[in-house]
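Below: one structure, written as structure tokens.
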Amino acid sequence: MAAEDNRPVLRITDQEREVAVAQLNTAVADGRLTWPEHNERLARAYDARTSAELLPVLADLGAPAVPAQRVVAVGSKIQRAMEPGRVEVKAVFGAVILDLSGLSGDTEVEVVATAFCGKVIITVPPDATVLDEGSAVLGKRALPGATQARGPRVRITGRSTLSKLAVLRG
């Protein structure tokens, strides 16, 4: 079997079907689908054999939510390079060093940094816009000056308790 542009039509897996069902469930929970629409699309998703049959079921729902990347350091030190999206960081009597210096263009990263008696260090590109919407209790948050460049955006939230959060330009 081939598509009109002579590419082979590939069958979908059970996992791909279940991801589509999860999107439909989220859409009805958010109020983007009514229950009758949900039921009709659910039946079509389970009957779909190819991605061409599954795509119309999800087309008007937007992209699926990307799960958060998580980094947890308890009494230890962890260094990671992260991708755009949401990053949840927790440092308890430890340190997390995030390298976001590889970000470019119009990308956006949200970092939820929670620390207790720990340290979170984030390295961003020189042209990044950094927004700090977090708080500190008996701690310190050190961020570089704002930039008006059209580089990536890094939004930092979370709470630093007896901890340090520092952002460096790389």
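- Nearest heavy-atom pair across Ala20 and Leu54 is CB-CD1, 3.8 Å.
- The pair Glu88-Arg86 meets the salt-bridge criterion, with a side-chain N (NZ, NE, NH1 or NH2) lying under 4.0 Å from an Asp/Glu carboxylate O.
- Residues Val111 and Met82 are not in side-chain contact: their nearest non-hydrogen atoms beyond the backbone lie 4.5 Å or more apart.
- Under a hydrophobic clustering in which Ile, Leu, Val, Met, Phe, Trp and Tyr are joined whenever their side-chain heavy atoms come within less than 4.5 Å, directly or via other members, Ile97 and Val89 fall into different clusters.
- Note that the CD atom of Glu16 and the OG1 atom of Thr50 stand 10.5 Å from one another [nearest 0.5 Å].
- For Arg169 (side chain) and Ala128 (main-chain N/O), a donor-acceptor pair under 3.5 Å exists by modelled atom type.
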Only distances under 3.5 Å count here; give the side-chain donor-acceptor pairs of residues 112-122 to other protein atoms, sequence neighbours excluded, each with its distance to 0.1 Å.
none

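- Pro126 approaches Gly170 most closely through the heavy-atom pair CG-O, 3.0 Å.
- Remark: Arg49 CZ is loosely packed, at most 12 non-hydrogen atoms of other residues, nucleotides or ligands lying under 6.0 Å away.
- In terms of the salt bridge (Lys or Arg N to Asp or Glu O under 4.0 Å) criterion, residue partners of Arg41 (sequence neighbours excluded) are, by chain and number, Asp60.
- For Tyr46, there are no ring pair (Phe, Tyr, Trp, His ring centres under 6.0 Å) partners, not counting sequence neighbours.
- For the atom pair CD of Glu40 and OG1 of Thr34, the computed distance is 9.5 Å after rounding to the nearest 0.5 Å.
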Side chains of residues 134-145: which donor-acceptor pairs under 3.5 Å do they make with residues two or more places apart or in other chains?
from, atom 1, to, atom 2, distance (Å)
Arg141, NE, Asp132, OD1, 3.2
Arg141, NE, Asp132, OD2, 3.1
Arg141, NH1, Ser135, O, 3.2
Arg141, NH1, Ser160, OG, 3.2
Arg141, NH2, Asp132, OD1, 2.7

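- Distance check: Leu61 CG to Gln23 CD gives 7.0 Å after rounding to the nearest 0.5 Å.
- Under the rule for a side chain to side chain contact (heavy atoms under 4.5 Å, CB included), the partners of Glu83 that lie at least two apart in sequence or sit in another chain are Gln69.
- Cluster annotation: Leu131 is not connected to Val124 through the hydrophobic network of ILVMFWY side chains, with a link wherever side-chain heavy atoms come within less than 4.5 Å.
- For Glu133, the CD atom counts as densely surrounded, since its 6.0 Å shell holds more than 12 non-hydrogen atoms of other residues, nucleotides or ligands.
- For the atom pair Thr13 OG1 and Arg11 CZ, the distance stands at 11.5 Å (nearest 0.5 Å).
- Look at Asp47 and Arg44 and you find no salt bridge, because none of the NZ, NE, NH1 or NH2 atoms lies under 4.0 Å from a carboxylate O.
- Atoms CG and CG, on Leu168 and Leu98 in that order, are 11.5 Å from each other to the nearest 0.5 Å.
- Separation of atoms CD (Glu110) and CZ (Arg153) is listed at 11.0 Å; rounding is to 0.5 Å.
- A donor-acceptor pair under 3.5 Å is absent between the side-chain atoms of Thr26 and the main chain of Leu24, judged by distance alone.
- Grouping the Ile, Leu, Val, Met, Phe, Trp and Tyr side chains by contacts below 4.5 angstrom, directly or via other members, places Val92 apart from Val71.
- The two residues Ile12 and Ala48 come nearest to each other via the heavy atoms CD1-O, 3.7 Å.
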In residues 101-108, what donor-acceptor pairs under 3.5 Å come from side-chain atoms, sequence neighbours left out?
from, atom 1, to, atom 2, distance (Å)
Ser101, OG, Asp99, OD1, 2.5
Thr107, OG1, Ser104, O, 3.1

